[in-house]
There are 2 protein chains.
Amino acid sequence: MGVTKSEKFTNLQNDIAVLAKVLGHPARVAIIQHLFKINTCICGDLVDEIGLAQPTISQHLKELKNVGLIKGNIEGTSVCYCIDKDNWTKMKDLMTEFLDLDITFNCC
Amino acid sequence: MGVTKSEKFTNLQNDIAVLAKVLGHPARVAIIQHLFKINTCICGDLVDEIGLAQPTISQHLKELKNVGLIKGNIEGTSVCYCIDKDNWTKMKDLMTEFLDLDITFNCC
DNA sequence: ACCATTAATCGTAATATTGCAATAAATAAA
DNA sequence: TTTATTTATTGCAATATTACGATTAATGGT
């Protein structure tokens, strides 16, 4: 127990859940928002911006990278992170399709 | 540790994270999809539909109810669940606004 | 070569999540 | 009232997540 039974669900359901899950932490939401706001890529000042410890931010960045929402380029000693445009769009389409379920029905 | 430091983030960031988090499990995605598909409200056959134990489904329903995405009406011995139209729309708008961040920038 | 800077990784503690068996609660039907 | 049906709750085990100090790895500058 303690482990999600992914095999019970469709690929679509699992994909939506994985993407929603990674957005299910305010630090990761903040990282995404900041990456969009800065417009050009940033790196380690996310630590200053957000106020969590460097290993914690690094861990959140890793999770965002794992699902492909961001990518990081090494520039000298620092790493420049940015939104992965294509994957972000794919993710957005997937979520939007799910969220746009038809809502014209009578309820109990 | 082990606890999210919500005080470091804005209300908006926390709200988005809470909503995304509740959609971050395939069983809850499946429940939502099924509630939409059935069109009229259903109750305990979510257990048959999804294939997890009854207490497990009950727990997921509770979490969806806690954030207001669904509501349940008692009908005899069973409970009729359905999407909470207004809250679903509110959630959708919140998520859509977040997902629709402008993506016209140059990356690293 | 040495030191400074930056980010990733390791190790660990605290807490949360997932899942289910067992049980309880509540109503309907007999 | 007894029995069946349905859902919620309790209690617990297994695993996942969150956070951070300490350390490591990698590069740049001196």
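Letters A, B, ... mirror the listed sequences (proteins, then strands); counts begin at 1. Keep in mind that what you see is a predicted model, and the values were worked out from it rather than measured.
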**OP:** For B:E7 and D:dT18, give me the distance from atom CD to atom P, rounded to whole Å.
**Re:** 15 Å
**OP:** Answer yes or no: is there a donor N or O on one side and an acceptor on the other, between the side chain of B:T96 and the main chain of B:K92, under 3.5 Å?
**Re:** yes
Subject >> Touch class at under 4.0 angstrom, heavy-atom based, for B:T4 against every strand present >> reply: sugar-phosphate
Subject >> Residue whose nearest DNA chain C nucleotide is more 5′ - A:L61 or B:R28 >> reply: A:L61
**OP:** Taking A:Q13 for its side chain and A:T10 for its backbone only, find out whether a donor-acceptor pair lies under 3.5 Å.
**Re:** yes
**OP:** Ignoring hydrogens and angles, tell me if any N or O in the side chain of B:W88 forms a donor-acceptor pair with the backbone of A:L99 under 3.5 Å.
**Re:** yes
Original post:
Can a side chain N or O of B:K21 be found less than 4.0 Å away from OP1 or OP2 on C:dA16?
Top reply: no
**OP:** Between A:K65 and B:E75, name the one whose nearest nucleotide on DNA chain C is closer to the 5' end.
**Re:** A:K65
Original post:
Between A:N87 and A:L69, which heavy-atom pair has the shortest distance, and what is it?
Top reply: O-CD2, 4.3 Å
Subject >> Phosphate contact (D:dA8 OP1 or OP2) by B:Y81 side-chain N/O below 4.0 Å >> reply: yes
Subject >> Length of the CG-P vector between A:L23 and D:dT17, whole Å >> reply: 14 Å
Original post:
Contact class for A:S78 (heavy atom, under 4.0 Å): base, sugar-phosphate, or nothing?
Top reply: sugar-phosphate
Original post:
For A:K5 and C:dC20, is the shortest distance between a side-chain N/O and OP1 or OP2 below 4.0 Å?
Top reply: yes
**OP:** Check the distance between C:dA8's C1' and A:L52's CG and give it to me in whole angstrom.
**Re:** 17 Å
Original post:
Taking CG from A:D48 and P from C:dT5, how many angstroms apart are they, rounded to a whole number?
Top reply: 14 Å
Original post:
For the pair made of NE2 in A:H25 and P in C:dT15, what is the distance, rounded to whole Å?
Top reply: 15 Å
**OP:** Please work out if B:I57 contacts a base, only the sugar-phosphate, or nothing of the nucleic acid, heavy-atom cut-off 4.0 Å.
**Re:** nothing
**OP:** Give a yes/no answer on whether the side chain of B:T77 brings an N or O atom under 4.0 Å of OP1 or OP2 in C:dA28.
**Re:** no
**OP:** Starting from P on C:dA7, measure out to CD1 on A:I74 and report it in whole angstrom.
**Re:** 11 Å
Original post:
What closest approach, in Å, do B:M95 and B:I16 show between heavy atoms, and which atom pair accounts for it?
Top reply: SD-CG2, 4.0 Å
**OP:** Please report the shortest heavy-atom distance between A:T56 and A:L52, naming the atom on each side.
**Re:** CG2-CD1, 4.0 Å
Original post:
Between A:G2 and B:S6, which has a closest nucleotide on DNA chain D that is more 5'?
Top reply: A:G2
**OP:** Indicate whether OP1 or OP2 belonging to C:dT9 is found under 4.0 Å from a side-chain N or O atom of A:K62.
**Re:** yes
Original post:
Just how far, in rounded Å, is P of C:dC10 from CD of A:Q54?
Top reply: 14 Å
Original post:
Does a nitrogen or oxygen in the side chain of A:H60 sit under 4.0 Å from OP1 or OP2 of D:dA19?
Top reply: yes
Subject >> Touch class at under 4.0 angstrom, heavy-atom based, for A:K8 against every strand present >> reply: nothing
**OP:** Return the value, rounded to whole Å, for the distance between atom CG of B:N73 and atom P of D:dT7.
**Re:** 13 Å
Original post:
Reckon A:T56 touches a base, only the sugar-phosphate, or nothing at all at heavy-atom distances under 4.0 Å?
Top reply: base
**OP:** Mark yes or no for a side-chain to base donor-acceptor pair under 3.5 Å between B:Q59 and D:dA8, with no hydrogen or angle criteria applied.
**Re:** no
